[in-house]
Amino acid sequence: MKNFLDNIWTKRAASLISGLYAAAACYLCYCSIFYNIEVSSPGLLCLLVSGVSLFCLVIMLYSRKQVITRIASVIILPAMLPVVLMYFGQWELIIPIIITGICILLLSGSGEGFKTAFGTIFLLMYIFGALGYFLITSFFVTASKTTEVAAGVSPTEKYRYYVINTEDSSNGSTAVYVEPNDADVYYPFTTFSLKNIRRVVYLERPIAGNIDIQWTTQTRQEITAYLNSVSDSISIHLSESQLKSLGYTYDSKLTLCDLTAEQKKAIGKTVSDIETVYLDQLTDEQLGYFDIGRDGSGRYYVLSPTAEMLDDLNMDSDETVYIKDLSSDWKSVYSVEKDDSVMLNTLTDEQLAMLGVPESGDVMTFNGKICFRYYVAVLENYFDVDDRSLSISLLN
């Protein structure tokens, strides 16, 4: 047994557990940035995390001189900084991992100078990180008091809602929030829910005296017929992939925008004309006025690209510069922008199904007023559960 434990390959294999533990700390860091946490059983979670951390600490001490373990020893504490800040108060989750990180850093096989340097760096990171976090969050806190007065789940359990009363200096307000009910991540004794996924579907000032939430189920055809009866000019904004699924190419949705009186005159428009001008509607001569050409496949390109443009695109002078490849700044120079809207009354029921609108779904009314339709939420992509963009709002 002693020979087995002293074997270098045994220690190298054991060090992989150190890497897994550090990876778990990094994943928890990721969750703390993009997810809120709800602990259902703090005591059991503490026992679970403590047990796993103790086991991994023993393995890390056994393989402390291995490269993977040494790398893990300098990853755990920085990775836990966002966790400490975002999940402040969830000590049953934080303390066991922090203790493990400190122990393996101090007891690793690295030299004393290495430990002192990194220990100092980590300490300063926590001090200044905490100071910056609390200054930023304090700066963005509004002087108001919020109270949750109602909450629930839709009949299909696809959505959940919250009714929040806000007391402020302007007589307060009542807001209805809706968020997806199927985007949570579940682990033993812990649930992670996406931040910034709630959407305000109704806002009333002052605070509503009566709260009456009703859910019904409507079909796709019923909602389409109703919306088209209200207006025949309702447009919806679609993503690039959705437009492509409907048969639109990128170039077929290009438009001219912010035209001057002279430019309008050049394409036969009046100064007061405000209708959208699609490049497909223009002749080659009219396109040439804007230094834009059209090839045989219907793609639009710049007739005379400048040296600066070619340099930005890292292209040679003999290459074709297509509008699609230009940055938004260069497109604005040519008065071109992409139209991502489609008129609702031009879409068939089959196309709506292709866009992801289910046959039927939830419709919410607040005090007799419709404030949420699953149909619109899907088409307008209310809830982008795949978005992981960083923003200040994630700190709150």
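- By the 4.5 Å heavy-atom criterion applied to side chains, Lys264 and Thr270 are not counted as neighbours.
- For Lys158, the NZ atom counts as loosely surrounded, since its 6.0 Å shell holds 12 or fewer non-hydrogen atoms of other residues, nucleotides or ligands.
- Leu254 places none of its side-chain heavy atoms less than 4.5 Å from the side chain of Asp339.
- Judged by a 6.0 Å distance limit and a 45° cone about the ring axis, Arg199 is not positioned over the six-membered ring of Tyr177.
- With Asp316 contributing its side chain and Asp318 its backbone, the two residues share no donor-acceptor pair below 3.5 Å.
- Between Tyr161 and Trp215, the ring planes are tilted. Angles from 30° to 60° get that label.
- A distance of 9.5 Å separates CE of Met86 from CZ of Phe34, quoted to the nearest 0.5 Å.
- Side-chain atoms of Gln263 and Ile267, non-hydrogen and from C-beta on, never get closer than 4.5 Å to each other.
- One distance of note links CG of Asn345 with OG1 of Thr224; it measures 11.0 Å at 0.5 Å rounding.
- Side-chain N/O atoms of Gln281 and Gln286 include no donor and acceptor closer than 3.5 Å.
- A salt bridge links Arg160 with Glu179; the closest basic N to acidic carboxylate O contact falls under 4.0 Å.
- Side-chain atoms of Thr191 and Asp184 form no donor-acceptor pair, as typed in the model, at a separation below 3.5 Å.
- Thr146 and Thr166 share no side-chain donor-acceptor pair at under 3.5 Å.
- Phe366 has its ring centre less than 6.0 Å from the ring centre of Tyr202.
- Remark: the backbone N or O of Leu93 is not paired with any side-chain donor or acceptor of Tyr87 at under 3.5 angstrom.
- Tyr159 and Phe383 have tilted rings, their planes meeting at an angle from 30° to 60° on a 0 to 90° scale.
- Although no hydrogens or angles enter the test, the distance criterion places a donor-acceptor pair under 3.5 Å between the side chain of Lys115 and the main chain of Leu106.
- Ring centroids of Phe114 and Phe118 are separated by less than 6.0 Å, placing the two rings close together.
- Between atom CD1 of residue Ile95 and atom CD of residue Gln90 there is a gap of 11.5 Å, rounded to the nearest 0.5 Å.
- In this structure, Asp182 places its CG atom where more than 12 heavy-atom neighbours from other residues, nucleotides or ligands lie under 6.0 Å away.
- The closest donor-acceptor contact from the side chain of Glu222 to the backbone of Thr219 lies under 3.5 Å.
- Ser327 and Asp329 form no side-chain donor-acceptor contact under 3.5 Å, judged by distance and modelled atom types alone.
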### Task
Give the intermediate values and the outcome of side chain to side chain contact (heavy atoms under 4.5 Å, CB included) for residues Gln242 and Lys244.
CA-CA 5 Å; Gln242 288 176 318; Lys244 187 176 181 180; over 6 Å; no
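- Taking 4.5 Å as the limit, some side-chain heavy atom of Tyr375 sits within range of a side-chain heavy atom of Arg220.
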### Leu256 vs Val336, side chain to side chain contact (heavy atoms under 4.5 Å, CB included): CA-CA, chis, key distance, verdict
CA-CA 5 Å; Leu256 293 176; Val336 174; 4.1 Å; yes
### Query
Are Trp330 and Thr306 close enough, and set up right, to give a side chain to side chain contact (heavy atoms under 4.5 Å, CB included), and what steps lead you there?
CA-CA 11 Å; Trp330 279 113; Thr306 64; 3.8 Å; yes
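- Distance check: Leu57 CG to Ile17 CD1 gives 12.5 Å after rounding to the nearest 0.5 Å.
- At least one side-chain heavy atom of Leu347 sits under 4.5 Å from a side-chain heavy atom of Leu246.
- Although no hydrogens or angles enter the test, the distance criterion places no donor-acceptor pair under 3.5 Å between the side chain of Ser50 and the main chain of Leu47.
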### Query
Do Asp212 and Gln214 pass the side chain to side chain donor-acceptor pair (under 3.5 Å) test, and can you show the C-alpha distance, the side-chain angles, and the key distance before you say yes or no?
CA-CA 7 Å; Asp212 181 24; Gln214 298 291 334; 2.9 Å; yes
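- Leu123 and Ile99 sit in two unconnected hydrophobic clusters of ILVMFWY residues. Membership requires side-chain heavy atoms under 4.5 Å apart, directly or through other members.
- Contact detail for Asp280 and Ser252: the closest heavy-atom pair is OD2-CA, 3.4 Å.
- A donor-acceptor pair under 3.5 Å is formed between the side chain of Asp273 and the backbone N or O of Glu275.
- Under a cut-off of 6.0 angstrom, the local environment of CD in Glu262 is sparse, with at most 12 non-hydrogen atoms contributed by other residues, nucleotides or ligands.
- The minimum heavy-atom distance between Met80 and Ile97, with the atom names listed, is SD-CG2, 3.6 Å.
- Listed for the Lys331 side chain is no donor-acceptor partner under 3.5 Å among the backbone atoms of Lys338.
- A donor-acceptor contact closer than 3.5 angstrom is absent between the side chains of Ser341 and Ser235.
- Minimum interatomic distance between Ser173 and Ile207 (heavy atoms only, all atoms of both residues): N-CG1, 3.5 Å.
- Side-chain contact check for Arg299 and Tyr301: no donor-acceptor pair (N or O, by modelled atom type) lies under 3.5 Å.
- Between Ile104 and Thr69 there is a side-chain heavy-atom pair separated by less than 4.5 Å.
- Linking ILVMFWY residues whenever their side-chain heavy atoms come closer than 4.5 Å, directly or via other members, places Ile37 and Val185 in the same cluster.
- Taking 4.5 Å as the limit, every side-chain heavy atom of Ile164 sits out of range of all side-chain heavy atoms of Val149.
- By the 6.0 Å contact criterion, OH on Tyr30 is enclosed, its count of non-hydrogen atoms from other residues, nucleotides or ligands being greater than 12.
- For the pair Lys324 and Asp251, the salt-bridge criterion is not met [side-chain N within less than 4.0 Å of a carboxylate O].
- The hydrophobic clustering, which links ILVMFWY residues whose side-chain heavy atoms are closer than 4.5 Å, places Val39 and Ile33 together.
- Figure legend: Arg294 and Tyr300 shown without cation-pi pairing, the cationic atom not lying both under 6.0 angstrom from the six-membered ring centre and within 45 degrees of its axis.
- A pairwise comparison of heavy atoms in Ile68 and Ser15 identifies CG2-O, 3.2 Å as the closest pair.
- With Ser335 as the partner, the side-chain contact (heavy atoms from CB on, under 4.5 Å) test is satisfied by one option alone out of Asp258, Thr255, Leu259: Leu259.
- Aromatic rings of Phe192 and Tyr186 (six-membered ring for Trp) have centroids beyond the 6.0 Å cut-off, not under it.
- No more than 12 heavy-atom neighbours from other residues, nucleotides or ligands sit within 6.0 angstrom of CD on Glu157.
- The two residues Ile76 and Gly101 come nearest to each other via the heavy atoms CG2-CA, 3.8 Å.
- The shortest side-chain heavy-atom distance between Leu45 and Pro188 does not fall under the 4.5 Å cut-off.
- With hydrogens and angles disregarded, no donor-acceptor distance shorter than 3.5 Å links the side chain of Arg373 to the backbone of Ile370.
- Taking CD1 of Ile236 as the reference point, atom CG of Leu352 lies at 6.5 Å (rounded to 0.5 Å).
- Checked by atom type, the side-chain pair Asp362/Thr156 shows a donor-acceptor distance below 3.5 Å.
- When every heavy atom of Tyr21 is checked against every heavy atom of Met60, the shortest pair comes out as CD2-CE, 4.0 Å.
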### Task
Kindly determine whether Ile127 and Met125 satisfy side chain to side chain contact (heavy atoms under 4.5 Å, CB included), including the steps that lead there.
CA-CA 6 Å; Ile127 292 174; Met125 282 177 56; over 6 Å; no
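- Going from atom CE of Met309 over to atom OG of Ser317 covers 13.5 Å, rounded to the nearest 0.5 Å.
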